[in-house]
Amino acid sequence: ALGACGEAVLDGFATKNGGDGTSFVVPNVVDTASYREAVSKHKDHAGVGMVFPATFSYPPNEAAAHFLLDEITPRLPDIPLVLPGAGPPPGLVAAAEGRATLTGAVPDMRPFLADAAVMVVPLFEGGGTRLKVLEGFAAGLPVVATAKAVEGLAVEDDHHLLLAETPEEFASAVRRAGEPEVAARLRHAAHTLVELHYSVSAVSSILAAALA
């Protein structure tokens, strides 16, 4: 039996190995129980500002942070931006001065997610696990992201999150995601999705069925 964390990875394995053997998709997951306090906070208040949690020494994350600083904060001067995470290069530190809160390494991202109103994930390159988006869903945050940022996740635009590509689209989507009715709708659908398909209990069921 062969397990993979996404259909694209599974297709690659199948091509390489000639399609022999049993294969199944095991999605990347988050421990949704550990985000319950953040979800509870969002029921009480909407939070403030945008948050993009990342390891900023990774070039695609650094590029995404510069996109937010250069293109989005000027369009949304009344919405604070927080960039929590390790490894910000000197150029990013300089660019963020007076325009965003850049924290450096933090012991726990969950307080930053609990305090934000919207998670923003403007990735345009790179690969790997889309855990940021799943963490936003688990924390009860409405998410605004590019298509690249949700590659491989079973999400629908304007249902689980808002998708945007250009600076104008992205800024407009952040405004929409901050509207109480829109935020509540996105939070509910996204949290349901992550519990059913991207939680520890969900992957346990998939593994049990596949190995039975």
Side-chain angles (χ1 to χ4, degrees), residues 30 34-35 37-39 41-42 45-151 153 161-179 182-183 186-187 190:
V30 292
S34 70
Y35 290 87
E37 185 177 346
V39 172
K41 260 187 114 171
H42 281 114
H45 65 84
V48 177
M50 302 175 281
V51 64
F52 175 52
T55 299
F56 294 105
S57 56
Y58 179 52
N61 289 339
E62 181 188 1
H66 278 290
F67 172 83
L68 292 169
L69 291 168
D70 298 339
E71 301 290 351
I72 304 306
T73 57
R75 289 175 167 84
L76 303 173
D78 57 320
I79 302 180
L81 171 64
V82 180
L83 303 170
L92 183 59
V93 174
E97 188 172 354
R99 303 166 71 184
T101 300
L102 193 62
T103 69
V106 297
D108 188 350
M109 285 291 184
R110 286 169 296 184
F112 294 93
L113 303 185
D115 288 340
V118 181
M119 177 184 278
V120 286
V121 192
L123 291 174
F124 296 96
E125 57 185 328
T129 302
R130 307 308 185 192
L131 283 177
K132 280 190 210 35
V133 173
L134 296 180
E135 288 170 345
F137 289 173
L141 270 173
V143 174
V144 177
T146 56
K148 185 68 176 175
V150 298
E151 204 169 51
L153 297 180
L161 78 171
L162 299 181
L163 293 177
E165 300 296 325
T166 68
E168 293 80 10
E169 290 170 350
F170 211 91
S172 177
V174 171
R175 289 276 188 210
R176 279 196 65 214
E179 296 171 5
V182 174
L186 295 175
R187 284 200 308 266

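Predicted model only: the values in this text are computed from it and were never measured.
V182 and A177 make their closest contact through CG1-CA, 4.2 Å (heavy atoms, listed as atom of the first residue, atom of the second, distance). For V121 against A149, the heavy-atom pair with the smallest separation is O-CB, 3.3 Å. Taking each heavy atom of P80 and D78 in turn, the nearest pair found is CD-O, 3.6 Å. Residues L161 and A145 share a closest heavy-atom pair of CD1-CB, 4.0 Å. Smallest separation of non-hydrogen atoms from P53 and M119: CG-CE, 3.8 Å. Across all their heavy atoms, A171 and I72 have their closest contact at N-CD1, 4.1 Å.
Using modelled atom types, no side-chain atom of S172 and backbone atom of E168 make a donor-acceptor pair closer than 3.5 Å.
Going from atom CG of L186 over to atom CD of E179 covers 10.0 Å, rounded to the nearest 0.5 Å. For the atom pair CZ of F137 and CG of L131, the computed distance is 12.0 Å after rounding to the nearest 0.5 Å. A distance of 12.0 Å separates CZ of R175 from CZ of R75, quoted to the nearest 0.5 Å. Here CG of L76 is found 10.0 Å from CG of L81. Values are rounded to the nearest 0.5 Å.
The side chain to side chain donor-acceptor pair (under 3.5 Å) contacts involving residues 138-150 comprise K148-E151, where partners must be two or more places apart or lie in separate chains. Legend: side chain to side chain donor-acceptor pair (under 3.5 Å) pairs involving residues 88-98, not counting sequence neighbours: none detected. Applying the side chain to side chain donor-acceptor pair (under 3.5 Å) definition to pairs two or more places apart or across chains, none involves residues 79-96.
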Assess the residue pair R99 and D70 against the criterion (side-chain contact (heavy atoms from CB on, under 4.5 Å)); give the C-alpha distance rounded to whole Å, side-chain angles, the decisive distance to 0.1 Å, and a yes or no. CA-CA 9 Å; R99 303 166 71 184; D70 298 339; 3.6 Å; yes
Could you walk me through whether V118 and I79 pass the side-chain contact (heavy atoms from CB on, under 4.5 Å) test, one step at a time? CA-CA 10 Å; V118 181; I79 302 180; over 6 Å; no
Take L68 and L83 through the test side-chain contact (heavy atoms from CB on, under 4.5 Å) and record every step on the way to the result. CA-CA 10 Å; L68 292 169; L83 303 170; 4.3 Å; yes
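A salt bridge does not link R110 to E135: none of the charged nitrogens lies less than 4.0 Å from a carboxylate oxygen.
Taking the side chain as every heavy atom from C-beta outward, E169 and V144 never approach each other to under 4.5 Å.
Remark: F52 pairs with F56 by the ring-ring contact (aromatic ring centres under 6.0 Å, His included) rule, at least two apart or across chains. T101 pairs by the side chain to side chain contact (heavy atoms under 4.5 Å, CB included) definition with V82, T103, not counting sequence neighbours.
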Donor-acceptor pairs under 3.5 angstrom involving side-chain atoms of residues 57-64: please list them, not counting sequence neighbours.
| unit_1 | atom_1 | unit_2 | atom_2 | d |
| --- | --- | --- | --- | --- |
| N61 | ND2 | T55 | O | 3.1 |

